[in-house]
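Within every chain, numbering begins at 1; the chains are lettered A, B, ... in the order of the sequence lines, protein sequences first and strands thereafter.
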Amino acid sequence: MTAADDSPSPKTALDGTAIRADFPILHQMQTGADGEERRVVFLDSAASSQRPQQVIDAMDEIYTHSYANVHRGVYQIAERATNAYEGARTKVASFINAPSANEVIFTKNATEAINLVAASWGRANLGPGDAVVLTMMEHHANIVPWQMLAAEKGVEIRWIPVTDDGQLDLSELDTLLDGAKMLAFTSMSNVLGTLTPVKELVAAAHRHGALALVDACQSVPHLPTDVVDMDADFVAFSAHKMMGPSGLGVLWGRMELLDAMPPFLGGGGMILNVTTEGFTTDAVPAKFEAGTPPIAEAAGLSAAIDYLENIGMDEVRRHEVELTAYAMRTLTERLGDDIRIFGPAEPAARGGVLSIELRDVHAHDVSQILDEKAVCIRPGHHCAKPLMRHYGVAATARASFYIYNDTDDVDALADALVAARDFFAL
Amino acid sequence: MTAADDSPSPKTALDGTAIRADFPILHQMQTGADGEERRVVFLDSAASSQRPQQVIDAMDEIYTHSYANVHRGVYQIAERATNAYEGARTKVASFINAPSANEVIFTKNATEAINLVAASWGRANLGPGDAVVLTMMEHHANIVPWQMLAAEKGVEIRWIPVTDDGQLDLSELDTLLDGAKMLAFTSMSNVLGTLTPVKELVAAAHRHGALALVDACQSVPHLPTDVVDMDADFVAFSAHKMMGPSGLGVLWGRMELLDAMPPFLGGGGMILNVTTEGFTTDAVPAKFEAGTPPIAEAAGLSAAIDYLENIGMDEVRRHEVELTAYAMRTLTERLGDDIRIFGPAEPAARGGVLSIELRDVHAHDVSQILDEKAVCIRPGHHCAKPLMRHYGVAATARASFYIYNDTDDVDALADALVAARDFFAL
Amino acid sequence: MAGLEDLYREIILDHYRSPRNKGELETPPATRTEGFNPLCGDEIVVYVDVDDDGIVQDIKIGGQGCSISQSSASMMSAAVKGKSVEEARKLTTAFKSLMSIHEANVGGDGSEAEADPDAELDPSIKLGDLEALQGVVKFPTRIKCATLSWNTLSQAFDEAAAAN
Amino acid sequence: MAGLEDLYREIILDHYRSPRNKGELETPPATRTEGFNPLCGDEIVVYVDVDDDGIVQDIKIGGQGCSISQSSASMMSAAVKGKSVEEARKLTTAFKSLMSIHEANVGGDGSEAEADPDAELDPSIKLGDLEALQGVVKFPTRIKCATLSWNTLSQAFDEAAAAN
Ligand SMILES: Cc1ncc(COP(=O)(O)O)c(C=O)c1O
Ligand SMILES: Cc1ncc(COP(=O)(O)O)c(C=O)c1O
C-alpha cells in the first residue's frame, strides 16, 4: 500500500528532512520482519523528543573538559562547570521570559517540579476545606501530587470538565474556583493536543484569590513561552521533551512565593547553616536544589534552547500547525470512517498531537503493526486516565510531531494505518 | 619547588597513568598565570568523579540509537531504551548483591534517596517520642531530611559522637539506640575518610528494633559492596561519584519495607489506576519512580559499573589504600608540623580522602594556590558542618583519590602545598 | 502481514473477534476482580463463581484490551470453566511459564516477580489453544498483555478463598 | 606567586595577618549578626554599636574565613568606624559595585540579587585600601568571600534599625 498519489508532499514552514540531518537517531534504518529496510519515522515526541548532535556534543563537552561538582569548587574546571550550570539557568530564564534567573529551579523532571509545589507550598498553605481545581485533561503528574496532598490535608479537589470535542468546559468555572486556593492545569493536553486558554484561566484563578500552576510540558517545547504574559504563579516543564536530556526538569515560580515556601528536599547545597539543633535554608533557587544537581543535563538543555532559538519558536509553531493540518486531512481522506481523531477539529487550536482510534483495532495492536513499518507511535492511556474514562476508551494510539517531522512522515503514518486496518479487517 | 628526590614514585595496585588514558578530561593541560602548562591533577573525586570514554559513549549510544521514553512504548527503539534502563537496574543489583533488581530504585541523587526514606517511611512510621540516631560525621544529605522529619513529627534526633582521631565513639551506642526506630549513618566519611563499622552498627540497630540506613555514597564507588552481608535495610548512593553521570542516584531497600511504604512523589509511571477519586500505586520500584526517569543516565551508570567490575573492586580498594598511605607519608615528610591531616592515622582504616589544614593558610586560599598548579582539591565544610564544628574549623582542604590517580598526583599535591605554605609564610 | 504471524495467529484473532464468556456475573455469589496493565491502560474484569467443591462453575470476562490480552482472557475462560481451582492454578503456572522466558527483561514494576522461569512444566498439563500465544514471547512488551487476565484470575481465587 | 599577585595584594595579606577590630562587643548596646558563606563554610560575626546620632561608634569582627573574607572584613571595619550608617551604606554599595562586575556569573543562590552592576559609583566615595580587593573580580568564586562581611554589615544595620 502506497500513498494515494505520487505528487510531492506539500511543504511546511520547516524542512524536516534538512533538520533530521542534525538528529543521528533519525538516520537509522529499521528492518521489518518482511526483510525491508525503512527509515525510522519517529512520531512519539510528546512522550519524549529526540535530540540533535549539538545537544549531545554539549554534554560530551562538559564530561570531557569541564565536569566537576558545582558551586563549591575553587579550581578552574569546577568554575567552568558552575558557569555552565548557572548559564543554563540564565538561558532558561530568558527562553521563558522569567524576570529573574533565580526563579528558575532545576528538578529531575516536570513531575518533581509539580510535586515540589504541592508538597512545599501546598502543605504550608492548604488545609481542610480548601480546594484545588484541576481539569479532566490533566496528566497524572498534575493529578496525583494533588491527590496525595488532598488525602493528607483534607483538601477538596474539583474538576473542570471537558467537552466531547476536547475543549475545557468553562461554563462553571467561577463556581469551581469559588473559595479555591490553587488552579493547576495543562497549557496543552498531551492526549488531545488541545491548547487551553492559559491567560484566561490564570486571570480567573487570580480573580478568585487562587494561585495558578501551569503544566507547560507540552507547550514550552513547541510554542513561544512568556511567563510574565501568562501571569502564572508556577510553570513546570521537562528538558527531555524539548530536545534536552533525560533527568532534568524545570520549575519556574514567582520569587515572593518561592521565598516564602518551606524547603522540599533537604541536604547539601540548600542550607546556610546546619547544627545538631537544626538548619537554616539558603536563598532560592539553592533552597530547592538539594544534592548534586543534573550538571551535564543543564548544559544539554542550554544547547537545546540555543537550537530552538536558532530556528525560532514562531517557526516551530507554524511548522507544527501546518503538519497537523496536513495529517488530519490525510488521515481522514485515507481512512474515512475507520478512524476517529480525538480533540479539537481545528488544527490551529491544538499542538502537534493526534490521538486516534482505529475501528476494531486496539491501540496496542496498531502500534505493533506500525512498528513493523518503522513508524513509532505510542499506545495507551498516556498518563491521563480520567480523560480516557471521559471518552470511554482504555487506550488511544498517539502520533506526535516535532521539528524533525515532515509530510513524508505523515504519509508513512497513513500508509501504516491503512495496512493495520486491512490486517485486522474481518 | 620540586619533589624531594628524583627516584621514580612507587607503584600502586593500579597504573593511574594507563587508566587516565580512558578519561578525556584528565588529558587536558592547564596554563597557570606563570605561563606554564601543567597536566590537570584531579583530586576532587569525593565531590564528584570523572568518567571514562566508555561511559560517555554508552550515553551517546542511547541518544544516537536507542532513546525513547521507557516502559510504555511498543516500538523497537522504545523497547531498547526500556531494556537499557531496566538492564541498568539489574546491573546495579548485582553490583551491590541485592536479592532482587526490583529493590533498586533510581532517584536523581543520593540526597533524594535519603529524603525518600525519611519522607515515606519516616512519616508513615515515626511520631512524637520516637528517635532517629545519626552520627556527628554525617553529610548534610543524611542530616537535614531527618531534621525536617523531626520538626514535622516531633521526632528526637540523637548523635553518635566522634573521637578526635575521627572514629565513631560507640561507647554509648546502646543508650543512644534505646527506643530508637532508625539508625542512619555513613559507611565512609566524606571529610575524614573514616570507614565506619557498618555490620556492627547495623546489628546494633537491629538488636534495638531499629532499622539501619547506610549512606554509602563514599564507599560504593571505592569498595566491594554487599547489601546482604551488611544486613542493612536501606542503602543510598550516587552515580556521579562512581564514574556515572550526574542526575542519577540509587536507593536500595528491602522489598518488604519498600512494599509497605507509601509513595513519595506522585505522577506518571507510579500508578496502577487513577480516577477523579484517587489513585492506586503500582508495585515497587515503579511506585517510587514518578515521571520520566533518568534514562540515558542509567545506561551511563551501567557502563561505569562494567568499567569498575572489569578492574575489580578489590583492586580499586587496594590501589586507594596504597595511594592514601603514600600520600599521608609524603605530606607529613614534606610539610611536617605545618600540616594537619584529619581522621584515622591508619590508611587501611580509611578511604582515599584526606582533609588537611595548612598552618596559617585558610583552605580556600590553599585551593586557590593549588589551582595555579593545576591541582584540583576542594575547600570548605564539605556539607558536614556539625563535624567541622566538632573540630573547631570552618573549612578544610580536601584531596580525594580514585582509580585514575597515582603517586605522581600525590607528589604534585605535595609540591603545590609546599608552595602555598611558602607563599603565605610571614 | 509478514513477521507478525507469530504474534497474531489465526486462533488469537478468532478469540479476539469472538471472545468467549464475555459478560458479567452476579456478585455474590461470584467474585469480581479488576486487573490493570499500567503500561498500556488495558483493564480487565474477571467474574468467577467457585462452588463449594472448589469447581469454577462459571466465569465471565469484562473490560477492554488489545488482541493479545482479550484473546488470552477468552482462551483462559474457556480453559478453566468447569475445572477445579487447583487445576486452574496449575494451568496458570504452566501458562505463565510459557510466557516468562523473557519476562525478566520487561519488568520494572515487580508485578511478575513471582513467575519462576525455571519452573518445570507439569507434563500432564495441556495448554491446547493457549499454545498459540507462545509467539508473544518474541515481543516482550506484549507479554504483560498475555498474562494480565491470568494474574487477575489468581487474585480472584485468592479473594474468593479469603471471602470464605 | 606569579598570577596571584592580583588577588593577594600585600595590603590584603597584611589585613589578613593583622586583622583590625577583631573581637566582640557587649550586646546590647551592640548588635551581633552572623553571616555564612554556604559555598566554603566561612562564618563571620559582625558586632556593631550605632549611637543615637546614627554613628558607628564601634565595630568588631569575629568568625573564621579565608584571606579575602578576613581582610575585606578588617578593611571594612576600619572604613566604617566613626562613620554614619548612611555613609557606611553608601560605602557598601560602592564596594559591592566594585565586586559585582562578575557576580552574576557566580550566583545560583540569589543572595546577591540586589547588587546592581550598572549602579553609578558616587564619585565622592573613596574606597581607599579597599580598592586592593579589585583583583578579586578576576576570580569569580572568591567574590562572595569579599562581600560576605559587607552583606552581614547591611543585615546588622537592618537589625539595629528594627530594634529601635
Ligand atoms: C557521604 C555523602 N552522603 C551524601 C552525599 C550526597 O550525594 P548527592 O549530592 O549525590 O546527593 C555525598 C556527596 O555529596 C556524600 O559524600
Ligand atoms: C502534560 C504533561 N505533564 C507532565 C508530564 C510529566 O513529565 P515528566 O515525565 O518529564 O515528569 C508530561 C509528560 O510525560 C506531560 O505530557
Side-chain angles (χ1 to χ4, degrees), chain A residues 24-25 28 30 44 47-48 50-51 56 60 63-65 67-69 72-77 108-109 111-112 115 139-141 143-145 147-148 159 238 240 245-247 265-268 271 274-276 278-279 290-292 294-297 364 367-368 371 376 378-380 383 385-386, chain B residues 24-25 28 30 44 47-48 50-51 56 60 63-65 67-69 72-77 108-109 111-112 115 139-141 143-145 147-148 159 238 240 245-247 265-268 271 274-276 278-279 290-292 294-297 364 367-368 371 376 378-380 383 385-386:
Chain A
I25 198 169
Q28 71 187 294
Q30 185 172 307
D44 192 24
S48 201
Q50 300 301 344
R51 44 210 57 66
I56 299 169
D60 287 358
Y63 283 137
T64 55
H65 287 99
Y67 182 83
N69 216 326
R72 288 177 305 267
V74 172
Y75 54 90
Q76 290 171 38
I77 296 179
K108 70 173 176 177
N109 51 28
T111 302
E112 188 195 1
N115 276 272
H139 187 281
H140 295 162
I143 297 175
V144 181
Q147 290 182 328
M148 289 169 66
W159 300 85
S238 270
H240 68 88
S246 53
L265 304 184
I271 59 92
V274 176
T275 70
T276 52
F279 67 96
T292 301
I295 300 165
E297 288 76 5
H364 222 151
S367 187
Q368 188 85 58
D371 182 51
C376 308
R378 187 158 293 242
C383 296
K385 288 197 117 192
Chain B
I25 198 170
Q28 69 188 295
Q30 184 172 308
D44 192 23
S48 200
Q50 299 301 344
R51 44 209 58 66
I56 299 168
D60 287 357
Y63 283 137
T64 55
H65 287 98
Y67 181 85
N69 216 327
R72 288 177 305 265
V74 172
Y75 54 90
Q76 290 171 37
I77 296 178
K108 69 173 177 178
N109 51 29
T111 301
E112 187 195 1
N115 276 272
H139 187 280
H140 295 162
I143 297 175
V144 181
Q147 290 181 328
M148 288 168 67
W159 301 86
S238 271
H240 68 89
S246 52
L265 304 184
I271 59 93
V274 176
T275 70
T276 51
F279 68 95
T292 302
I295 300 166
E297 288 77 4
H364 223 151
S367 188
Q368 188 84 59
D371 181 52
C376 309
R378 187 158 293 244
C383 296
K385 287 197 118 193

_Region of B/Q28 that comes under 4.5 Å of a non-hydrogen atom in chain A_ = side chain
At a heavy-atom separation under 4.5 Å, does [X] approach chain B through its side chain, its backbone, both, or neither?
| X | result |
| --- | --- |
| A/Q368 | both |
| A/S238 | neither |
| A/L265 | both |
| A/I295 | both |

*Among B/A296, B/G291, B/P245, which has the most heavy-atom pairs under 4.5 Å with chain A?*
B/G291
*Return the option, out of B/C376, B/A141, B/P379, B/P145, with the maximum number of heavy-atom pairs under 4.5 Å with chain A.*
B/C376
*asked:* Heavy-atom pairs under 4.5 Å with chain B - which of A/T111, A/V274, A/I77 has more of them than the others?
replied: A/V274
*Could you check which of A/T276, A/I56, A/I271, A/D60 has the highest count of heavy-atom pairs closer than 4.5 Å to chain B?*
A/T276
I need the minimum non-hydrogen distance between [X] and [Y], along with the two atoms involved.
| X | Y | answer |
| --- | --- | --- |
| A/A290 | A/G266 | CB-C, 3.9 Å |
| A/S246 | B/P294 | OG-C, 4.0 Å |
| B/Y67 | A/H240 | OH-CB, 3.7 Å |
| B/V74 | A/S367 | CB-OG, 3.6 Å |

*Any sub-3.5 Å donor-acceptor pair from A/D371's side-chain atoms to B/Q76's backbone N or O?*
yes
_Under the criterion side-chain contact (heavy atoms from CB on, under 4.5 Å), I'd like the reasoning laid out for B/N69 against A/R378: C-alpha separation, chi angles, the key distance, then a yes or no._
CA-CA 10 Å; B/N69 216 327; A/R378 187 158 293 242; 3.8 Å; yes
*Mind running side-chain contact (heavy atoms from CB on, under 4.5 Å) on B/F279 and A/I143 for me, showing each step along the way?*
CA-CA 9 Å; B/F279 68 95; A/I143 297 175; over 6 Å; no
